[in-house]
S.K.: 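Let me give you the structure first, and then I'll get to my questions.
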Amino acid sequence: MQIARLAIERPLYTWLLILFCLFGGAAGYLGVGKLEDPVFTLKSALIITPYPGATAAEVAIEVSEVLEAEIQQMDEVDFITSSNRPGLSVIEVTIQDTYDGTELPQVWDDMRDRVADAAPRLPVGALPPTVNDSFGDVYGLLYAVTAPGYDDATIWDIATFLRRELLTVDGVANAETLGLPEEAIFVEPSSEILTTLGVPPGVVVGAVSAADAVVPTGTADNAGSDVRVNAPAPNDSVSEISALTFGFGGEVLNLTDVANVYRARVDAPRQIIRHNGVEAFTIGVAGLTSENIVTVGQRVEERLAEITPLLPAGVTLEPIYEQHRVVDTANQDFLTSLAMSVGVVIAVLALFMGWRAAVVVGGSLLLTVSFTFFFMYLWDIKVERISLGALIIAMGMLVDNAIVVAEGMQVQMRRGRKAVEAATEVARRTQIPLLGATIIGIMAFAGIGLSPDSSGEFLFTLFAVISISLMLSWLLAVTVTPLLASYFFRTDTSGDAKDPYDTFFFRGYSAVVRGALRVRWIVIIALIGATVAGVGAMGLVKQQFFPPATTPLVYFNYKGVQGTSIATASDDLVVIEDWLLEHPSVEAVSTTIGASMTRFLLTYTPEDPDPSYGQLVIRVAEHTDIPALRDDLSAFAARSIPWAETRVQQIIYGPPVGADVEVRLSGPDPMVLRGLAEEAQTIFETQTDLLMVERTDWRELELTT
């Protein structure tokens, strides 16, 4: 009970606390890591197993089922999904939400052991399975590189150069390139010549397959020294492949005698990327999670400015997404909001309690927010949209403790008590109740921050920051606030016990309260009516746990009929690109076909690679332009490419979700499941008011021969 008294009688310690709040908080804000979204763990891993030559059914039965049966024995597994295509098995394993990021490395190690145990049971011809548990890495700086007019070899050299240089930047964890041109050396034997010479095709295949082999050659003894014998360098160019010789029937033949050898792009590349309609490749940069992404982004920009003049003429590098700029803008907006919040608090308090109380409470509020950043730095709580939002949410509660103490001291000192006596009396009556109220306020957010699922992990910083700031507000309210009040408040020494509430405002307020008590039944009925009206109006309010983001990006998702070639999908999306580039609110369009973009946002969910899949990442001038563009784009796509499934998707805050509403159907008969899925789609279309594009993840049956 003597904390407030000691804060005034021994001001040196309190001033040390004030200085520590200011300078420690400033150092904490400058040193704490800054991100766009909170770090949360994507509890999924991919197991990829190629099985060349096998049908989708063979892949499912001989590969996926074998691996799934082994993985299902793990207690940590929540559910498993698999995608089986001709020659490829992709299994996605999702771990239960109750396991956090610190436990997952051991879980992934156990899963690798089980996959290794199951590998000998896979069929002959299946390649070793690979486990990818890092596909959730976020490359927050994503750039599109265009090099019109340059050959593919030069483009690969440019990509290699950029990636190598960016990896040298301090704080960069990784750099990834996608969409590079895919080439191959084609050897087309002449069947007529082979028949005439009597050369079996297998001889040609054997000669070509060994062209780039690296074989051990050993050493030779030379006067007591071992001399390494180097094998001929592998042949990997058109001229070298063309010059290959092979023996048959006692004769030595040249490959060009029996085949046409040339280099060209593959007919069906795995991925095609365009930026503003021009062929491009992307390079994504991921920063270390321990680093400030704003600082890392600035270093990357500086390095790019240094190496851009070294690129060939005509090569352009344009940003698709720059996380550090978004984070920097968010921090500047927060500082503006903080200044406005403190200003509003001071203005309101000055109006109703006087300027002295406004300065005391406003100073306590500023110190509380500043000191919060120190503990955020100490406990490695990043500055991101959730933690900053927590401070804004808590702003209205942070002033409560200081207001109670300041008002109590102001009243006591107007009645003639000295500052020390007033602080002692106020602390005696309010210190413990204020602590209890503070704890209750913290516990109100405990259910959100301590939830064991992904939402709880995503929103933990909301609970943590509110808890820290509220506890600090109580601490400073019983230490700093009494000291500041002793400096700014004046003790009334006139001897007249004045009523501090004898002012025009409080007299008016008192009259309203007395009037309400006189007609209390009318007031009670009005309150009940207002409550009923409020409950009814709540049903008219749209509800969404995570709101749409203010990021000026929107996705256009395209899915052709299963089996659609990547070339056809590309042609369809050219139509959409041309329309978007003419739209007044669109600034840039980045297109990917066959696979998703590099994960540049934590909430971005890459789709499984598929030639019939495509996506446009559309940047608009302002996020307020998105609703109108979404409606126009949806209507245009329905008219222009009605045979494809299209969907315009806005970014939301929070963990990524596949769809707003999901229904999972399971059973032993695939055809029955397809029929049930069609019935479910019909129900959504005819019996609900949901505005959505219904789809199934099995897609259409693909034609085979």
Side-chain angles (χ1 to χ4, degrees), residues 142-150 152 155 177-182 265 267-284 314-322 551-561 564-598 600-601 604-607 609-623 625-651 693:
L142 184 62
Y143 300 93
V145 184
T146 58
Y150 288 95
D152 295 344
I155 293 175
T177 56
L178 290 181
L180 288 167
E182 299 176 40
R265 288 194 179 185
D267 296 331
R270 288 170 296 179
Q271 187 173 16
I272 298 173
I273 291 179
R274 292 190 293 266
H275 184 70
N276 291 336
V278 180
E279 182 181 293
F281 69 88
T282 61
I283 182 164
V315 176
T316 61
L317 190 146
E318 298 183 20
I320 298 176
Y321 188 76
E322 294 177 300
T551 307
L553 292 179
V554 63
Y555 308 138
F556 176 83
N557 297 299
Y558 166 96
K559 181 65 177 67
V561 177
T564 300
S565 68
I566 193 170
T568 301
S570 178
D571 292 340
D572 285 349
L573 289 177
V574 166
V575 178
I576 306 299
E577 288 174 28
D578 293 341
W579 182 86
L580 284 169
L581 292 173
E582 296 294 330
H583 199 280
S585 64
V586 174
E587 293 187 341
V589 179
S590 301
T591 306
T592 177
I593 307 107
S596 298
M597 289 281 188
T598 297
F600 60 93
L601 276 172
Y604 179 77
T605 306
E607 297 287 338
D610 193 303
S612 60
Y613 167 78
Q615 185 182 62
L616 277 65
V617 179
I618 308 160
R619 174 172 292 278
V620 296
E622 298 290 341
H623 74 276
D625 298 329
I626 292 178
L629 175 64
R630 179 185 58 215
D631 297 339
D632 294 345
L633 180 55
S634 298
F636 176 77
R639 295 193 308 268
S640 303
I641 48 175
W643 51 84
E645 174 193 299
T646 59
R647 179 168 49 97
V648 182
Q649 178 185 2
Q650 189 172 355
I651 301 173
V693 178

S.K.: Kindly say whether Thr646 contributes a backbone atom to a donor-acceptor pair with the side chain of Asn557 at under 3.5 angstrom?
M.R.: no
S.K.: Quick one: do Glu318 and Asn276 satisfy side chain to side chain contact (heavy atoms under 4.5 Å, CB included)? Show the steps, please.
M.R.: CA-CA 10 Å; Glu318 298 183 20; Asn276 291 336; 3.9 Å; yes
S.K.: Drop me the distance from Ile593's CD1 to Ser565's OG, to the nearest 0.5 angstrom.
M.R.: 11.0 Å
S.K.: Restricting to non-hydrogen atoms, name the atom on Val554 and the atom on Gln649 that form the minimum distance, rounded to 0.1 Å.
M.R.: CG2-O, 3.3 Å
S.K.: Calculate, to the nearest 0.5 Å, the distance between atoms CG and CD1 belonging to Leu180 and Ile273 respectively.
M.R.: 8.0 Å
S.K.: When rounded to the nearest 0.5 angstrom, what is the spacing between OG in Ser585 and CG in Leu580?
M.R.: 8.5 Å
S.K.: How about Ile618 and Phe556: do any of their side-chain heavy atoms sit closer than 4.5 Å?
M.R.: yes
S.K.: Say you draw a straight line from OH of Tyr613 to CD1 of Ile566; how long is it, rounded to the nearest 0.5 Å?
M.R.: 12.0 Å
S.K.: OG1/Thr598 to CG/Leu142 distance, rounded to the nearest 0.5 angstrom?
M.R.: 5.5 Å
S.K.: Using every non-hydrogen atom in the two residues, find where Ile272 and Arg274 come nearest and quote the distance to one decimal.
M.R.: CG2-NH1, 4.1 Å
S.K.: Between Ala569 and Pro611, which heavy-atom pair has the shortest distance, and what is it?
M.R.: CB-O, 3.7 Å
S.K.: Determine whether a donor-acceptor pair (N or O, by modelled atom type, separation under 3.5 Å) exists between the side chain of Glu182 and the backbone of Arg270.
M.R.: yes
S.K.: Taking the side chain from Ser596 and the backbone from Glu607, do they hold a donor-acceptor pair closer than 3.5 Å?
M.R.: yes
S.K.: Do Gln271 and Thr592 touch side chain to side chain, with heavy atoms closer than 4.5 Å?
M.R.: yes
S.K.: For residues Glu587 and Ala621, report the shortest heavy-atom separation together with the two atoms involved.
M.R.: OE2-CA, 3.5 Å
S.K.: State, yes or no, whether a side-chain contact exists between Ser612 and Lys559 at a heavy-atom distance under 4.5 Å.
M.R.: yes
S.K.: When rounded to the nearest 0.5 angstrom, what is the spacing between OH in Tyr604 and CD in Gln615?
M.R.: 3.5 Å
S.K.: So Ile576 and Leu633, do their side chains get closer than 4.5 Å, heavy atoms only?
M.R.: yes
S.K.: For the side chain of Asp625 and the backbone of Glu622, is there at least one donor-acceptor N/O pair under 3.5 Å apart?
M.R.: yes
S.K.: I'd like to know if the side chain of Trp579 pairs up with that of Asp632 as donor and acceptor (distance under 3.5 Å, no hydrogens or angles considered).
M.R.: no
S.K.: Is the closest side-chain heavy-atom distance between Leu616 and Tyr558 below 4.5 Å?
M.R.: no
S.K.: Any side-chain heavy atom of Phe636 within less than 4.5 Å of one from Val575?
M.R.: yes
S.K.: Do Pro552 and Arg619 come close enough that some side-chain heavy atom pair is under 4.5 Å?
M.R.: yes
S.K.: Using modelled atom types and a 3.5 Å cut-off, is there a donor and acceptor pairing between side-chain atoms of Thr564 and backbone atoms of Val561?
M.R.: yes
S.K.: Within a strict 4.5 Å, meaning less than it, do heavy atoms of the Thr551 and Tyr321 side chains meet?
M.R.: yes
S.K.: I need the minimum non-hydrogen distance between Leu581 and Gly277, along with the two atoms involved.
M.R.: CD1-N, 4.3 Å
